[in-house]
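One structure is given below, encoded as structure tokens.
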Amino acid sequence: AVQFTDGTSLGKQWSGSGVTGQDLWDQREDGERFSLPFNLYVTHVELHCNSTGSPPNALRVELRNTANTVLSLGTIQGVNRTPAWRKGELNPPLTLIAGTTYRLMAMQENDPLGPAPSYKISLNNSSAGAPWGNLTYRGADAVYVSSMNNGGSYSESPGDDIGFRFGPG
């Protein structure tokens, strides 16, 4: 779900229930494809995540357009075994344009071969459909997306959503 640091959100607030996650190692990336009904200036992103030990590389986040061009990136430090919100500054900060489709993707830097210690992005899933209704709330749209080949191709899962939020909003 898209949740902002001022406490507002698009869709249902992050509940933490039903939390699962895929290990991010080798060429795996997890994230969310989304569009917003308004322009939004962002300087950082927060992911609800944890680690499965001490991964050898940083947790990287990238904002991409539909051509898979990286528009902004950052790293999230201090991730441990406890699932929690963790922040990464985006470089450069950017304005997300209303109606434009983006992908927010998370991966472990330098593609270590697994299944060594890795990161997990919290993922809520529901066999009845996306817990947050694919964020159709207030005209937004989002769905969980993953890649097994560094963004060469993507799979979408309409029954899943990751926990992420932007700031300052």
Side-chain angles (χ1 to χ4, degrees), residues 1-14 21-22 24 27-51 55 57-79 83-111 119-124 130-158 160-169:
V2 180
Q3 183 177 5
F4 305 102
T5 55
D6 68 357
T8 62
S9 66
L10 289 173
K12 182 179 173 186
Q13 293 271 348
W14 175 254
Q22 299 292 334
L24 299 179
Q27 297 182 36
R28 184 176 184 97
E29 302 176 356
D30 279 4
E32 196 96 357
R33 176 191 49 79
F34 68 96
S35 64
L36 300 173
F38 48 79
N39 292 350
L40 181 68
Y41 178 72
V42 296
T43 61
H44 67 269
V45 64
E46 294 180 53
L47 293 178
H48 198 269
C49 58
N50 67 299
S51 69
N57 302 305
L59 177 58
R60 181 181 175 111
V61 291
E62 295 180 354
L63 267 170
R64 301 176 184 162
N65 62 18
T66 54
N68 218 28
T69 302
V70 176
L71 305 174
S72 185
L73 58 94
T75 56
I76 297 178
Q77 305 294 330
V79 180
W85 287 107
R86 300 209 168 73
K87 177 179 171 180
E89 299 295 326
L90 292 172
N91 186 18
L94 73 152
T95 299
L96 303 175
I97 305 300
T100 301
T101 300
Y102 300 94
R103 286 188 191 98
L104 173 66
M105 301 303 295
M107 73 282 308
Q108 193 171 162
E109 287 189 327
N110 301 319
D111 299 326
Y119 297 104
K120 288 182 182 256
I121 307 304
S122 297
L123 175 69
N124 272 14
W132 297 311
N134 287 338
L135 290 184
T136 55
Y137 177 75
R138 289 178 48 189
D141 178 49
V143 66
Y144 168 77
V145 62
S146 62
S147 174
M148 299 300 289
N149 58 4
N150 289 100
S153 61
Y154 294 95
S155 297
E156 293 188 353
S157 179
D160 298 319
D161 280 318
I162 66 166
F164 73 98
R165 56 191 182 194
F166 292 115

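Formation of a donor-acceptor pair under 3.5 Å by the N39 side chain with backbone atoms of A98 is found in this model. Between the side chain of S147 and the backbone N or O of R28, no donor-acceptor pair lies under 3.5 Å.
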**Item:** V61 and T75: CA distance, side-chain angles, deciding distance, side chain to side chain contact (heavy atoms under 4.5 Å, CB included) verdict
**Value:** CA-CA 6 Å; V61 291; T75 56; over 6 Å; no
**Request:** Using the side chain to side chain contact (heavy atoms under 4.5 Å, CB included) rule, take L63 and V45 through it: C-alpha gap first, then chi angles, then the decisive distance, then the call.
**Result:** CA-CA 10 Å; L63 267 170; V45 64; over 6 Å; no
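In this structure, CG in L94 is found 5.0 Å from OG in S72, a value given to the nearest 0.5 Å. With rounding to the nearest 0.5 Å, the separation of NE2 in H44 from CG in N91 is 14.5 Å. Rounded to the nearest 0.5 Å, atoms CD1 (I121) and CD (E32) are 11.5 Å apart. To the nearest 0.5 Å, atom CD1 of residue I162 and atom OG of residue S146 are 11.0 Å apart. Atom CD of Q108 sits about 8.0 Å away from atom CG of L59, to the nearest 0.5 Å. Atom-to-atom distance recorded for L71:CG and N65:CG is 4.5 Å, nearest 0.5 angstrom.
Using a 4.5 Å heavy-atom cutoff, the side chains of N57 and P55 are not in contact. T100 has its side chain out of reach of S35: every pair of non-hydrogen atoms, C-beta onward, lies at least 4.5 Å apart. Counting heavy atoms from C-beta on, the side chains of L40 and T95 never come closer than 4.5 Å. Using a 4.5 Å heavy-atom cutoff, the side chains of Y154 and M148 are not in contact. Proximity of W85 to L47: side-chain heavy atoms (C-beta onward) are nowhere separated by under 4.5 Å. With contacts defined as side-chain heavy-atom distances shorter than 4.5 Å, the pair L73/L90 does not qualify.
The aromatic rings of F34 and F166 lie tilted to each other, with the angle between the two planes from 30° to 60°.
Cation-pi geometry between R33 and Y102 is not satisfied (NZ or CZ under 6.0 Å from the ring centre, within 45° of the ring normal).
Taking every heavy atom of both residues into account, G151 and N68 meet most closely at O-ND2, 2.9 Å. Shortest non-hydrogen contact noted between E62 and V70 is OE1-CG2, 3.3 Å. The heavy-atom pair separating N50 from V79 by the smallest distance is C-CG1, 3.5 Å. Between C49 and R86, the closest heavy-atom pair is O-NH1, 2.6 Å.
Checked for salt-bridge contact, E109 and R60 meet the test: a charged N lies under 4.0 Å from a carboxylate O. Between R103 and E29 there is no salt bridge, since no side-chain nitrogen of the basic residue lies less than 4.0 Å from a carboxylate oxygen of the acidic one.
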